[in-house]
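To find a chain, count down the sequence lines: A is the first, B the second, and so on, and within it residues start at 1.
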Number of protein chains: 2
Amino acid sequence: MTSHLIRKLEQFTKLSSKDKHVLDQVSTEGLRQLGAREDIIREGERPQAVNLILSGWACRYKYLEDGRRQIIAFFLPGDLCDNHVFVLREMDHSIGTLTPVTIAQIPRQRIEEVSLHHSRITQALWWESLVNMAIQREWTVSLGQRDASERLAHLLCELFLRLRGVGLTDGDSCELPVKQAELADALGLSTVHVNRTLQELRAAKLIVLKGKMLTIPNLEALQDVAQFSPNYLHLDREGRHLDAND
Amino acid sequence: MTSHLIRKLEQFTKLSSKDKHVLDQVSTEGLRQLGAREDIIREGERPQAVNLILSGWACRYKYLEDGRRQIIAFFLPGDLCDNHVFVLREMDHSIGTLTPVTIAQIPRQRIEEVSLHHSRITQALWWESLVNMAIQREWTVSLGQRDASERLAHLLCELFLRLRGVGLTDGDSCELPVKQAELADALGLSTVHVNRTLQELRAAKLIVLKGKMLTIPNLEALQDVAQFSPNYLHLDREGRHLDAND
DNA sequence: TTGCTGCCTTAACATACGTTATTGTCCCGT
DNA sequence: ACGGGACAATAACGTATGTTAAGGCAGCAA
């Protein structure tokens, strides 16, 4: 079940079987199960461990005093919530589930141990951190410059590619287990306008969305309307990383 | 002249004189001077070094194909542009100056050397990375949920506090050496609307802005209109960090 | 079956913000 | 002292998106 994390990291670098074993190990300890719409950790609390999502979807979010909410990031299976957070004294935002979720809570000490002895994993975790930062930056670009349909299309492309990276797509389809209200909170739009925009993408045959199942019949076309360029996901593995002994 | 970086890091932890010496050292090598509105590094290029801003303002930005531009982050004196970028093969965005700038280019090897031998610096650099990520998240919140005046007020609060953290404020004033067009690109607004919104804040006596000089007569009041909470800057230094030998 | 309840859909209307355009002001070079 | 260029300030008008409200459909409990 770490397989998602391993699969993700192997987009960046080849891991030795020892590396994989360590990762498997880490993700069987400290298991925690949550239902849908529960908080994993809340703003103001002290971060104790790094949370690894084994299954289900979660999100980072923040409320303003008057109740407006922004979803700041989506967490998918294989995602780590904030490597090294424990440097900070308290959380400045909350993390909550969107669906039922299983996580592995990796204690600080365990992380330090691993990064001391497994430089390839350390390197790969750096890569995953940097990609997450790039995703956050791209959200800034979307919210600042893209209009509703571009923004929605962009998000769907991002999620699809991230899911494909951990083996959770099936051809041109994947699950999208979130409500329109949650999409709205992530996109900085109203639910009404998210609905309108979904209809628009449907009418243009760019997406098929029935229940929780999303199909993107022509990914290139969807990328085009979003001005989506996958470079920021840094999925190009280089030759220089292929020398692990397996 | 590293003093800005040192001063910033000391908001998080006390540094030994040895630590400070190392940081001073690092920031006198690889100096580079740039004029206003020049690029430090461009999207697509391979990152070679970590850039430390010694003086002047810069920004991270990204253009869409059709010419829209989003400023993703501001860099102030004492800021490091992307510790560990060199894990990635190419830049997914550009970094450019807003004013004349002096930077120190710190080669990869130097960073690794320092973080190997000076754990307190390593720790402090982690803190600075995490704060930068928090700032990026807060921009997501602003762009997604805050209206024009809240957004502008929030940005001004952020910049003022960051400048204060590196000793670049004078009472309730600081420099704001950016054009309204640049504020617009950062805030996801048009220049016309930025202008309107500045007038609004001026009329409400929340800011005084003459030339490149910003004064915030009542920081609390400005924070209130922005729903600004400084917790995300993580400026609360803890007792546990006070044990360095100086 | 019935009737909730949660979510999606659609419509009519309101508004914050964008666009285009003009004028004003300061600074700098000659 | 003059003219040009860059930037700031305003005005008139257009539009993307928000708000409020109502109806529809599926799933679930009794």
Side-chain angles (χ1 to χ4, degrees), chain A residues 35-37 57 64 66-71 98-100 142-156 175-204 207-214 225-227, chain B residues 35-37 57 64 66-71 97-100 142-156 175-204 207-214 225-226:
Chain A
R37 276 155 264 281
W57 285 39
L64 299 189
D66 58 0
R68 284 174 280 177
R69 179 171 84 141
Q70 177 67 32
I71 289 181
L98 296 165
T99 68
S142 275
L143 289 165
Q145 302 299 327
R146 290 190 245 257
D147 69 22
S149 49
E150 294 170 325
R151 227 183 278 175
L152 178 54
H154 198 282
L155 178 61
L156 296 178
E175 281 199 52
L176 187 73
V178 298
K179 299 188 288 192
Q180 294 185 3
E182 289 158 343
L183 286 177
D185 284 348
L187 296 169
L189 299 168
S190 65
T191 64
V192 173
H193 203 64
V194 165
N195 188 284
R196 281 198 276 251
T197 310
L198 281 171
Q199 304 304 345
E200 200 182 292
L201 293 183
R202 279 196 259 242
I207 62 169
V208 179
L209 181 58
K210 264 190 284 213
K212 304 276 163 234
M213 183 62 86
L214 168 70
V225 331
Q227 300 202 250
Chain B
R37 275 154 263 284
W57 286 38
L64 299 188
D66 58 1
R68 284 175 280 176
R69 178 172 85 142
Q70 178 67 32
I71 289 181
T97 64
L98 296 166
T99 68
S142 275
L143 288 165
Q145 301 299 327
R146 290 190 245 257
D147 70 20
S149 48
E150 295 170 325
R151 223 182 282 175
L152 178 54
H154 198 283
L155 178 61
L156 296 179
E175 280 199 52
L176 187 74
V178 299
K179 298 187 288 191
Q180 294 184 2
E182 289 158 344
L183 287 177
D185 284 348
L187 296 168
L189 298 169
S190 66
T191 64
V192 173
H193 203 64
V194 165
N195 188 286
R196 281 198 275 253
T197 309
L198 280 171
Q199 304 303 344
E200 201 182 292
L201 293 183
R202 279 197 260 242
I207 63 168
V208 179
L209 182 56
K210 263 189 287 214
K212 304 278 162 233
M213 183 62 84
L214 168 71
V225 332

Closest non-hydrogen atom pair, [X] against [Y]:
{"X": "A/K212", "Y": "A/V178", "answer": "NZ-O, 3.9 Å"}
{"X": "A/A148", "Y": "A/L189", "answer": "CB-CD1, 3.8 Å"}
{"X": "A/L98", "Y": "A/A36", "answer": "O-CB, 3.6 Å"}
{"X": "B/A153", "Y": "B/V225", "answer": "CB-CG2, 3.5 Å"}
{"X": "A/L143", "Y": "A/L187", "answer": "CD2-O, 3.2 Å"}

Ignoring hydrogens and angles, tell me if any N or O in the side chain of B/T99 forms a donor-acceptor pair with the backbone of B/W57 under 3.5 Å.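 Checked: pair present.
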
Is a side-chain donor or acceptor of B/T97 paired with a backbone partner of B/G35 at a separation under 3.5 angstrom?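 Yes: the side chain of B/T97 pairs with the backbone of B/G35.
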
Spacing between [X] atom [atom1] and [N] atom [atom2], to the nearest angstrom:
{"X": "A/L183", "N": "D/dG18", "atom1": "CG", "atom2": "P", "value": "13 Å"}
{"X": "B/L201", "N": "D/dA9", "atom1": "CG", "atom2": "P", "value": "12 Å"}
{"X": "A/R69", "N": "D/dG18", "atom1": "CZ", "atom2": "P", "value": "16 Å"}

Return a single string for nucleotides 8-23 of chain C, one symbol per nucleotide in 5' to 3' order, where B is base contact, S is sugar-phosphate-only contact and - is none, cutoff 4.0 angstrom on heavy atoms. SBBBB----BBBB---

Angle between the end axes of the helix from C/dT9-D/dA22 to C/dT30-D/dA1, five pairs per end, to the nearest 10 degrees?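 Rounded to the nearest 10 degrees, the bend comes out at 40°.
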
With heavy-atom distances below 4.5 Å as the criterion, would you say the side chains of A/L156 and A/L152 are in contact?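 Side-chain contact under 4.5 Å: yes.
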
Between the protein and nucleotides 22-29 of chain D, list the N/O to N/O atom pairs that are separated by less than 3.5 angstrom.
none

Does the side chain of A/R151 come under 3.5 Å of the side chain of A/H154 through a donor N or O and an acceptor N or O?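 A/H154 and A/R151 do not have a side-chain donor-acceptor pair below 3.5 Å.
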
Against A/Q145, only a single residue in B/R68, B/R69, B/Q70 fulfils side-chain hydrogen bond (donor to acceptor under 3.5 Å, both in side chains); can you say which?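 Answer after filtering B/R68, B/R69, B/Q70: B/Q70.
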
